[in-house]
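Each remark here refers to the structure printed beneath this line.
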Amino acid sequence: MSALQTLRVSLAALTANALRTALTTLGIVIGVGAVIALISIGNGAQVTVQRQIQSLGTNLIFITPGATNTGGVRGGIGSAQTLTIQDAQAIGDPTQVQGISAVVPEILTGAQLVGTGRNAFTRLVGTTAEYAQAYDASLAEGSFFTDQEVQSRSTVAVLGATVAQEVFGSADPVGQQMLIFVPAARTSLHVRVLGVLRSKGGTGIANVDDQVLMPISSLSQYLSRQRAANGEQLVNLVAVQAQRASLVPQVQQGITSLLDARHQVATPDFTVVSQQDVSAAYESVTRNLTIVLGFIAGISLLVGGIGIMNIMLVSVVERTREIGIRKAVGARTRDILSQFLTESLVVSLAGGIVGVAVGIFASRLIDGKSLNGQPLHTVVSGGSVLLAVGVSVAIGLFFGMYPATRAARLDPIQALRYE
Amino acid sequence: MIRLSHVSRIYHLGGTEVRALDDVSLDVENGEYLAITGPSGSGKSTLMNLLGCLDRPDQGTYELDGQDVSTLSPDELATVRGRKLGFVFQSFNLLPRVPAVEQVELPLLYQRVPDSRARALEALRAVGLGDRVDHRPNELSGGQQQRVAIARAIVSEPSFILADEPTGNLASGQKDEVMHLLEEMNRARGITLVVVTHEPEIAGRAHRVVALRDGCVVQDARAEAAR
């Protein structure tokens with residue numbers, strides 16, 4: 001019997017039991033839909049994290065004090081304080097390392113801000129005027145501090161969007177006075193607000209909205225006691241921007257050699273990671289998340305497959321006589337086999353296609369909803385669609401094979417006599 | 001032609017050996033009209049299954065049109081059934097919910113014969129159901145259903161038709177009609193007709209009657225009308 005005829009016979013058999021077919025298909029629809037929707041959540045998390053890392057800036061390299069553990073990226077800022085402003089200046093010297101467009105030393109500390117009757121605890125960043133360029137920071141209002149203001153140790157500050165809201169509410173913060181208290185140094189300083197940064201909408205790992213920036217010189221002078229043994233000002237982070245993406249590895253190498261030479265220690269007491277390294281580390285985490293989600297959804301697809309097998313076994317018993325008739329008039333083993341296999345394939349493929357639609361719809365529905373305050377983003381990838389449809393077809397074949405084989409092996413004499 | 005030589009079919013039921021057919025030899029020439037009779041348990045069904053290539057003998061050989069079919073695989077037997085044999089069953093054995101023309105077309109589809117639809121329509125016209133081609137079994141009378149089955153039996157132009165109690169489920173008026181139709185296929189088309197029956201009046205219509213008892217041929221008589 002031709003493939004087309006086999007398909008016609010299978011469709012006729014499936015429509016004869018429309019409700020049963022629909023319910024069996026529903027099992028696959030739910031399974032495939034779950035796979036698509038859950039993988040889209042994993043993909044969405046991946047894209048969101050990558051976008052946050054990219055939103056930090058472009059071609060960035062981060063130098064932090066303290067050594068990495070072998071191969072790992074150390075998450076926190078290192079406790080070993082050996083990186084100084086002088087290190088940052090050396091890196092910025094074009095005769096030492098080539099291909100750098102900006103060097104941004106940062107002192108990081110916790111600080112209590114007191115504005116007009118309100119206060120907030122946030123991260124205080126002492127940095128240079130190049131910060132804005134390196135981190136692609138633009139201002140919602142006011143201005144960033146200048147090189148001049150850094151050199152003259154001006155008592156000025158630039159607020160992140162969240163902090164500005166917390167400390168000044170709806171009032172315009174630009175030009176206002178604000179008190180910064182640094183518990184670690186047990187000192188405080190009155191500063192004038194120069195500007196407010198435009199929100200980058202970051203959360204978690206790269207929240208640049210919840211911080212306050214001030215000239216590194218002023219912070220060092222008035223609010224920091226972090227000094228090296230030789231009296232140099234320690235920094236918690238140096239961000240370096242390479243001129244081009246292709247220069248990043250070379251610059252990374254240059255910085256490492258330079259700092260090795262300057263520090264003269266047996267094991268490196270600093271860590272140099274590029275934005276790509278951070279990206280890659282988070283990507284492996286989110287990829288694992290996607291795989292776990294997909295696997296969980298895959299279980300419901302498996303259950304759908306068992307549903308197909310169950311109903312096909314019932315169908316084979318019910319249609320024993322039909323199988324006998326077909327064999328009597330000349331159907332061979334493979335004719336019967338392909339007829340039943342086609343039925344389970346049609347069910348699983350139809351379920352797969354409808355499931356893709358349901359999954360895409362569900363992921364649209366989830367997109368933008370918040371879970372524990374964190375917005376969920378979903379991205380449906382072509383790969384997950386192909387995977388889900390492919391797996392559902394494989395399930396149709398796998399779970400259809402046993403019932404179809406049973407049908408094909410029926411003895412025609414017994415089958416014809418079956419009541 | 002059909003040639004059974006010393007054929008036996010043995011079943012093992014709980015350690016005892018049952019010879020459903022015991023050393024049966026039977027020749028049927030092309031175009032013959034033969035009835036096989038006997039009480040239940042005589043081996044009629046076993047013989048029919050063997051003749052119909054649904055089963056294989058344990059001993060002896062079965063030649064069909066010169067080909068030894070007693071050693072063929074199940075799939076090869078299926079092909080022989082599709083090409084050389086037409087079945088007519090007591091309970092019609094039509095597929096539920098399938099229109100008459102598709103019932104008749106079925107053997108041709110499994111053989112991948114071209115023009116299957118046209119040939120199926122022609123076979124339905126030959127049994128007088130040219131106006132019922134789209135009717136499903138539940139829309140047809142018993143006699144009409146059996147005529148669809150006869151159309152299905154002749155559509156592949158077989159060497160012989162094997163009819164197993166073809167009138168067993170029919171009202172008496174329809175019995176005659178169905179037997180007439182089968183006999184016409186035998187007479188006009190030269191298709192060998194083998195009717196298995198326990199009804200003497202049906203067997204009496206055949207030109208040759210083979211009687212079975214306990215798995216053996218006890219009578220093989222040619223009627224006067226056969227000539």
Side-chain angles (χ1 to χ4, degrees), chain A residues 1-22 311 314-343 346 404-419, chain B residues 9 11 20 45-46 48-50 52-56 72-99 102-114 116-117 120 136-137 148-149 151-156 158 162 164:
Chain A
M1 192 176 269
S2 72
L4 193 67
Q5 286 291 343
T6 306
L7 184 65
R8 278 197 56 212
V9 171
S10 299
L11 288 177
L14 289 172
T15 48
N17 254 316
L19 179 64
R20 183 199 282 185
T21 304
I311 221 65
V314 172
S315 177
V316 169
V317 171
E318 283 179 351
R319 286 152 67 191
T320 300
R321 203 183 175 86
E322 176 194 327
I323 295 162
I325 295 167
R326 290 181 181 278
K327 287 199 157 189
V329 301
R332 281 147 299 184
T333 310
R334 77 174 121 89
D335 291 316
I336 303 295
L337 189 76
S338 55
Q339 182 192 328
F340 280 86
L341 218 46
T342 306
E343 277 180 39
V346 165
T405 309
R406 263 176 83 149
R409 290 209 181 132
L410 283 176
D411 173 21
I413 299 168
Q414 306 279 331
L416 279 169
R417 237 181 253 148
Y418 186 84
E419 291 299 331
Chain B
R9 184 75 176 89
Y11 295 105
S45 296
T46 307
M48 200 210 72
N49 289 338
L50 282 176
C53 293
L54 293 165
D55 198 4
R56 285 179 297 191
L72 295 183
S73 74
D75 274 357
E76 288 167 330
L77 285 177
T79 306
V80 171
R81 289 196 295 271
R83 291 208 180 123
K84 305 220 160 183
L85 272 153
F87 287 96
V88 176
F89 300 96
Q90 178 174 5
S91 52
F92 320 139
N93 273 340
L94 299 178
L95 298 175
R97 295 181 300 272
V98 173
E102 291 182 27
Q103 308 265 7
V104 177
E105 202 180 358
L106 201 57
L108 301 180
L109 292 180
Y110 284 122
Q111 292 172 61
R112 292 175 175 258
V113 170
S116 57
R117 183 54 60 103
R136 291 170 169 77
V148 173
R152 184 177 65 188
I154 61 162
V155 74
S156 56
L162 200 54
D164 181 21

With a 4.5 Å heavy-atom cut-off, do [X] and [Y] have their side chains touching?
X      : Y      : answer
B:P99  : B:R136 : yes
A:I325 : B:F87  : no
A:L416 : B:L54  : yes
B:V155 : B:E105 : no

Which residues in residues 3-15 of chain A have a heavy atom less than 4.5 Å from any heavy atom of chain B?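 Listed by number, the contacting residues are A:Q5, A:R8.
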
Any donor-acceptor pair under 3.5 Å from [X] side chain to [Y] backbone:
X      : Y      : result
A:R406 : A:V317 : no
B:Q103 : B:A149 : no
B:R81  : B:C53  : yes

Give the member of A:S2, A:G330, A:G324, A:A16 that has the highest number of heavy-atom pairs under 4.5 Å with chain B.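 Most heavy-atom pairs within the cutoff with chain B belong to A:G330.
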
Heavy-atom pair count under 4.5 Å with chain B, highest-scoring of A:E322, A:R334, A:R326: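 Looking at each of A:E322, A:R334, A:R326 in turn, A:R326 comes out on top.
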
Are A:R321 and B:S91 linked by a side-chain donor-acceptor pair shorter than 3.5 Å?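 B:S91 and A:R321 do have a side-chain donor-acceptor pair below 3.5 Å.
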
Region of B:E76 that comes under 4.5 Å of a non-hydrogen atom in chain A: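 No part of it gets close to chain A.
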
Tell me, side chain or backbone of B:R152 under 4.5 Å from chain A's heavy atoms, or both, or neither?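 For B:R152, side-chain heavy atoms alone lie under 4.5 Å from chain A.
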
Where does A:R319 contact chain B at under 4.5 Å (heavy atoms): side chain, backbone, both or neither?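 Contact with chain B is absent: no heavy atom of A:R319 under 4.5 Å.
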
Tell me, side chain or backbone of A:Q414 under 4.5 Å from chain B's heavy atoms, or both, or neither?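 Neither part; nothing is under 4.5 Å.
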
Once ring pair (Phe, Tyr, Trp, His ring centres under 6.0 Å) is applied, do any residues pair with B:F92, and if so which ones, sequence neighbours excluded?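 B:F92: no ring pair (Phe, Tyr, Trp, His ring centres under 6.0 Å) contacts found.
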
Please determine, among B:T79, B:N49, B:L77, B:L94, the option with the most heavy-atom pairs under 4.5 Å with chain A.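 Option with the greatest count: B:N49.
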
